Amino acid sequence: MPEDRDWEAYKVPPTRTPVSERTTSVPNPVNYFQTAFSSVFDAPITFFRGLIEGVQSKNKFYYYHQKFRRVPDLSECLEGDYLCYYEAEAQWRRDRMVDQEIVEIVRERMAACKQREGPNQFQNCAKEMQLLAQVTKAYEDRYGDLGYHGNARTCLMKQKHRMMEERKAAQEQQQ
């Protein structure tokens, strides 16, 4: 910019602008409404919440996950007890999800060990490999070949057939 500026064309605002306070003889109704709202609604709720927080601070409750009570297995349900069937099915689904997560956690540990050890993974990760083999075999024995629409009844029948085959093989070995 040129040195000889035209100060009238580019007016600079004053450095301190005074704050104008309106003073009227008529009171502001908003102030009355805020005071009434605070004393009628906000004060009792705040007081009640303070009492509840005081009681809760004495009894600390840490919520990590929902705990379901164990229900009878499908084989323990009486005939025609549809509520027991439903609960056993829900329990089976929860157990299956837990077993899937166990397999996934062991698989992630195995992958982390392989990544960490590099070329020495076969001798340094042998324990993780063995654990992964055990966990996947147990999962496959219980839930394998059930498919997406597997349920507690078909899983129970699969276990029954496997037990019958093992008994038959044991009897054949004895003879």
Side-chain angles (χ1 to χ4, degrees), residues 34 37-175:
Q34 285 177 343
F37 181 80
S38 174
S39 61
V40 172
F41 293 108
D42 189 38
I45 292 172
T46 305
F47 174 73
F48 186 67
R49 182 174 174 100
L51 288 177
I52 291 176
E53 286 178 352
V55 170
Q56 285 180 345
S57 66
K58 293 176 186 171
N59 307 348
K60 288 282 185 185
F61 178 72
Y62 299 101
Y63 180 78
Y64 295 107
H65 62 277
Q66 187 174 1
K67 293 183 180 178
F68 295 97
R69 65 179 177 85
R70 296 296 296 185
V71 296
D73 193 33
L74 192 62
S75 62
E76 300 170 7
C77 291
L78 298 176
E79 189 175 339
D81 189 3
Y82 296 108
L83 182 60
C84 184
Y85 294 163
Y86 176 78
E87 287 179 341
E89 182 72 29
Q91 181 71 51
W92 181 83
R93 289 188 190 280
R94 287 192 297 269
D95 289 343
R96 184 175 184 179
M97 286 193 307
V98 167
D99 291 343
Q100 285 173 347
E101 287 298 317
I102 289 171
V103 170
E104 188 61 34
I105 288 170
V106 172
R107 188 175 291 133
E108 287 174 1
R109 286 183 186 168
M110 176 68 189
C113 183
K114 282 183 175 181
Q115 179 71 27
R116 182 179 63 244
E117 297 300 330
N120 300 332
Q121 63 183 332
F122 295 110
Q123 74 185 61
N124 293 345
C125 298
K127 189 169 61 172
E128 285 84 359
M129 285 182 184
Q130 184 181 9
L131 181 63
L132 180 63
Q134 289 174 353
V135 168
T136 52
K137 183 180 182 327
Y139 183 83
E140 187 65 28
D141 286 346
R142 186 165 184 191
Y143 302 109
D145 299 330
L146 292 180
Y148 180 75
H149 298 291
N151 57 16
R153 184 174 301 267
T154 56
C155 184
L156 184 64
M157 291 300 115
K158 180 182 175 191
Q159 290 173 359
K160 181 189 79 164
H161 293 310
R162 189 178 71 230
M163 285 176 45
M164 289 172 56
E165 288 173 1
E166 289 174 358
R167 280 187 191 167
K168 193 175 192 181
Q171 286 177 353
E172 288 176 359
Q173 280 183 345
Q174 288 179 353
Q175 293 177 357

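All values below come from the heavy atoms of this structure, side chains included, with hydrogens, waters and symmetry mates left out. Numbers here are sequence positions counted from 1. Note that the structure is predicted; figures quoted are calculated from it, not measured.
In this structure, L74 CG and T154 OG1 are separated by 10.0 Å, a value rounded to the nearest 0.5 Å. Going from atom OG of S57 over to atom CD1 of I52 covers 12.0 Å, rounded to the nearest 0.5 Å. Here the CG atom belonging to D95 is positioned 9.0 Å from the CG atom belonging to D73, to the nearest 0.5 angstrom. Taking CE of M129 as the reference point, atom CE of M110 lies at 3.5 Å (rounded to 0.5 Å). With rounding to the nearest 0.5 angstrom, the CD1 atom of I102 is 13.0 Å from the CZ atom of R107.
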| Full working for side chain to side chain contact (heavy atoms under 4.5 Å, CB included) between E87 and R69 | CA-CA 10 Å; E87 287 179 341; R69 65 179 177 85; 3.5 Å; yes
| task | For salt bridge (charged side-chain N to carboxylate O under 4.0 Å, His left out), just list the numbers for R49 and D42, CA-CA rounded to whole Å, side-chain angles, deciding distance to a tenth of an Å, and then say yes or no. | result | CA-CA 11 Å; R49 182 174 174 100; D42 189 38; over 6 Å; no
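Between L146 and W92 the shortest heavy-atom distance is CD1-CZ2, 3.7 Å. The two residues V103 and L132 come nearest to each other via the heavy atoms O-CD1, 4.4 Å.
Salt bridge status for R162 with E165: absent, with no side-chain N to carboxylate O gap under 4.0 Å. By the 4.0 Å N-to-carboxylate-O rule, R96 lies too far from E101 to be salt-bridged with it.
In R109, the CZ atom is not crowded: 12 or fewer heavy atoms of neighbouring residues, nucleotides or ligands sit closer than 6.0 Å.
Between Y143 and Q100, the side chains place no donor N or O within less than 3.5 Å of an acceptor N or O (distance only, hydrogens not considered). Side-chain atoms of Q91 and R94 include a donor-acceptor pair closer than 3.5 Å.
A donor-acceptor pair under 3.5 Å is formed between the side chain of K158 and the backbone N or O of D141. No donor-acceptor pair closer than 3.5 Å links the side chain of S38 to the backbone N or O of Q34. A distance-only check finds a donor-acceptor pair linking the side chain of E89 to the backbone of A152 [under 3.5 Å]. With hydrogens and angles disregarded, a donor-acceptor distance shorter than 3.5 Å links the side chain of Y85 to the backbone of G80.
Taking the side chain as every heavy atom from C-beta outward, K137 and Q134 never approach each other to under 4.5 Å.
Residues in residues 62-91 take part in these disulfide (SG to SG under 2.5 Å) pairs, two or more places apart or across chains: C77-C84. Annotation: side-chain hydrogen bond (donor to acceptor under 3.5 Å, both in side chains) contacts involving residues 110-121, sequence neighbours excluded, comprise E117-N124.
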